[in-house]
Amino acid sequence: MLKRLLTVTILLAGTTLAAHADAVSDAMADVQKYAGQKTTWDGPTSGPKAAEGKTIVVLAADMKNGGVLGVTKGIQEAVFMIGWNVNVLDGAGSIQSRAAAFGQALALKPDGIIINGFDAVEQQAALDQAKAAGIPMVSWHASPVIGPDPENGIFANVSTDAMEVSAAAAKWAYADAGGKPGVVIFTDSTYAIAIAKADKIKETIEELGGTVLEYVDTPIADTSSRMPTLTTALLQKYGASWTHALAINDIYFDFMGPSLAAAGIPGDGAPKAVAAGDGSESAYQRIRSSQYQAVTVAEPLNLQGWQLVDELNRAMNGAEWSGYTSPLHVVTKDNISFDGGDRNIFDPGNGYREEYGKIWGKQ
């Protein structure tokens with residue numbers, strides 16, 4: 001009887017270990033779907049020709065944010081091809097500054113407005129004014145939903161699939177930890193999309209059987225002042241059980257390195273930093289040099305800038321939105337040369353500039 005019990009116990013243990021190994025390999029297989037090169041254009045191939053002589057305003061949440069900066073650069077590049085004029089107003093990371101920038105934008109009476117990187121409902125009064133004035137608006141990361149937001153007068157909100165981004169980041173951390181991650185999640189409740197992404201990270205980690213040590217709500221605008229001391233406090237609290245830091249944006253990791261170094265942690269040591277967006281230049285530099293960031297789930301920021309201009313052109317011409325959701329890319333040191341070469345950006349080699357140029361009649 002004892003021998004039979006021992007045999008059953010060993011068999012059960014073996015089954016459990018095999019199931020655990022399968023879960024880890026399945027998680028990494030899911031991640032690898034997003035790790036390859038993006039060489040095929042899967043966006044729109046038709047649409048209205050370029051509206052002529054237009055002037056637009058970009059309302060940037062904070063030009064210190066790498067994602068916002070990357071999208072702005074893409075917009076400026078696209079505007080040059082389409083033949084418009086553009087004014088970029090920096091919201092400087094605060095609600096008050098963004099309100100002032102929105103007021104300035106309305107005073108300029110532009111032909112279109114791009115909301116770049118802040119929650120649209122934060123500026124509800126200004127949104128209503130723009131909508132009443134008939135000014136077409138498009139946005140980047142202004143809503144958890146991709147596409148039209150007619151209630152707020154947004155013709156199209158541009159983003160990758162935020163839930164896929166978050167799940168990919170969580171699954172990478174789970175697999176990297178051999179199925180036993182201890183994670184701290186960083187988010188900012190100022191933004192609905194940030195909470196949605198952080199909740200998805202938490203849900204994914206816990207469903208896989210990992211541990212969420214802490215869910216930290218700290219403002220993106222205050223990362224430079226808060227993250228150094230917060231990092232030190234979390235290290236003291238959790239020690240070696242903290243295997244991975246997961247954040248909804250690369251900017252959280254711009255300010256963690258010195259505190260980790262001061263604690264004697266090497267650049268490729270734990271906790272490993274994994275960002276569920278955006279693929280900033282500073283994140284690429286950290287990953288490339290193995291200095292306090294292992295992964296970013298990058299968005300094609302430059303491409304998204306082009307898409308925003310295309311969507312705004314569609315709005316000006318009375319067309320429907322394109323329906324396009326841009327691809328995401330899991331960036332690690334192993335594949336960092338893909339889709340950008342030695343540039344510190346995810347820039348797909350799928351010919352998007354030429355494709356948009358053809359649609360606008362500029363090629």
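In this text the structure is predicted, and so the values were computed from the model without any measurement. Worth knowing before you read on, the calculation uses all heavy atoms, side chains too, and leaves out hydrogens, waters and symmetry mates.
Closest non-hydrogen pair, S139 versus N157, comes out as OG-OD1, 2.8 Å. When all heavy atoms of L108 and N87 are compared, the pair lying nearest together is CD1-ND2, 4.1 Å. Between Y292 and A273, the shortest heavy-atom distance links the atoms O-CB, 3.5 Å. Heavy atoms only, all atoms of each residue included: T296 and D250 are closest at OG1-OD1, 3.0 Å. In terms of heavy atoms, M28 sits closest to A175 at CE-CB, 3.5 Å. What you find for G36 and H329 is that their closest heavy atoms are O-CE1, 3.4 Å.
The side chain to side chain contact (heavy atoms under 4.5 Å, CB included) test with I248 is passed by exactly one of I220, I195, I185, D278: I220.
In this structure, the side chain of E311 engages the main chain of S322 through a donor-acceptor pair within 3.5 Å. A donor-acceptor pair under 3.5 Å is formed between the side chain of Y238 and the backbone N or O of L213. At distances below 3.5 Å, not a single donor-acceptor pair connects side-chain atoms of S97 with backbone N or O atoms of S94. A donor-acceptor pair is defined here as one N or O able to donate and one able to accept, closer than 3.5 Å; no such pair exists between the side chain of Y352 and the backbone of N302. At least one donor-acceptor pair closer than 3.5 Å links the side chain of D161 to the backbone N or O of M163. Side chain of D222 to backbone of S225: no donor-acceptor contact under 3.5 angstrom is found. A distance-only check finds no donor-acceptor pair linking the side chain of S280 to the backbone of G66 [under 3.5 Å]. Remark: the backbone N or O of P219 is not paired with any side-chain donor or acceptor of T223 at under 3.5 angstrom. Between the N335 side chain and the A35 main chain, a donor and an acceptor come within less than 3.5 Å of each other.
Shown here are the ring-ring contact (aromatic ring centres under 6.0 Å, His included) partners of Y324, two or more places apart in sequence or in another chain: W41. For W360, the ring-ring contact (aromatic ring centres under 6.0 Å, His included) test picks out W306, Y356, with sequence neighbours left out. Residues that satisfy the side chain to side chain donor-acceptor pair (under 3.5 Å) test with D217, not counting sequence neighbours, are S189.
We find the CG-NZ distance between L230 and K237 to be 10.0 Å, quoted to the nearest 0.5 Å. In this structure, H141 NE2 and N65 CG are separated by 10.0 Å, a value rounded to the nearest 0.5 Å. Between Q285 atom CD and R288 atom CZ the span is 8.5 Å, to the nearest 0.5 Å. The OG atom of S46 lies 11.0 Å from the CD atom of E355; values are rounded to the nearest 0.5 Å. Atom NE2 in H244 sits 12.5 Å away from atom CD1 in I201 (nearest 0.5 Å). The structure places CD of E203 at 10.0 Å from OG of S166, a figure rounded to the nearest 0.5 Å.
N152 is not listed as a side-chain neighbour of K131, based on a closest heavy-atom distance of 4.5 Å or more. Side-chain contact check for M137 versus I114: every heavy-atom pair is 4.5 Å or farther apart. Two residues are said to be in side-chain contact when any heavy atoms from C-beta on lie closer than 4.5 Å; N116 and L59 fail this criterion. Put simply, the side chain of S282 reaches to within 4.5 Å of the side chain of R286, judged on heavy atoms. Considering only heavy atoms from C-beta on, S143 stays 4.5 Å or farther from I193 through its side chain. Counting heavy atoms from C-beta on, the side chains of V184 and W242 come closer than 4.5 Å. Considering only heavy atoms from C-beta on, L89 comes within 4.5 Å of V57 through its side chain. Between T332 and I336, every side-chain heavy-atom pair lies at or beyond the 4.5 Å cut-off.
Sequence neighbours left out, not one pair with a member in residues 48-72 passes ring pair (Phe, Tyr, Trp, His ring centres under 6.0 Å). Within the structure, ring pair (Phe, Tyr, Trp, His ring centres under 6.0 Å) contacts touching residues 211-231 (residues at least two apart or in different chains) do not occur. For the salt bridge (Lys or Arg N to Asp or Glu O under 4.0 Å) condition, the pairs that include at least one residue of residues 54-68, sequence neighbours left out, are D62-K64.
Following chains of ILVMFWY side-chain contacts shorter than 4.5 Å, one cannot reach L208 starting from L246, and the two form parts of different hydrophobic clusters. Follow the hydrophobic side-chain contacts under 4.5 Å out from V71 and you never reach F118; the two are in separate clusters. At a threshold of 4.5 Å between side-chain heavy atoms, the hydrophobic network of Ile, Leu, Val, Met, Phe, Trp and Tyr places Y34 and L303 in two separate groups. A continuous path of hydrophobic side-chain contacts links V138 to I75 [ILVMFWY only; heavy atoms under 4.5 Å]. I287 and W172 end up in different hydrophobic clusters when Ile, Leu, Val, Met, Phe, Trp and Tyr side chains are linked at under 4.5 Å.
A salt bridge links R353 with D347: the distance from a Lys NZ or Arg NE/NH1/NH2 to an Asp or Glu carboxylate oxygen falls below 4.0 Å. Using a 4.0 Å cut-off between charged side-chain N and carboxylate O, D26 and K171 make no salt bridge. The existence of a salt bridge linking R314 and E320 is excluded, since no basic side-chain nitrogen approaches an acidic carboxylate oxygen closer than 4.0 Å. The residues K73 and E77 are annotated as not salt-bridged, no charged nitrogen and carboxylate oxygen being separated by less than 4.0 angstrom.
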*asked:* Between V58 and V86, is the side-chain contact (heavy atoms from CB on, under 4.5 Å) condition met? List the steps.
replied: CA-CA 7 Å; V58 177; V86 60; 3.7 Å; yes
Walk me through whether K272 and T243 qualify under side-chain contact (heavy atoms from CB on, under 4.5 Å). CA-CA 6 Å; K272 294 182 181 179; T243 67; over 6 Å; no
**Request:** Could you walk me through whether V330 and V295 pass side-chain contact (heavy atoms from CB on, under 4.5 Å), step by step?
**Result:** CA-CA 7 Å; V330 175; V295 172; 4.1 Å; yes
Residues L301, W140; criterion side-chain contact (heavy atoms from CB on, under 4.5 Å); working and verdict: CA-CA 10 Å; L301 303 172; W140 181 76; 3.7 Å; yes
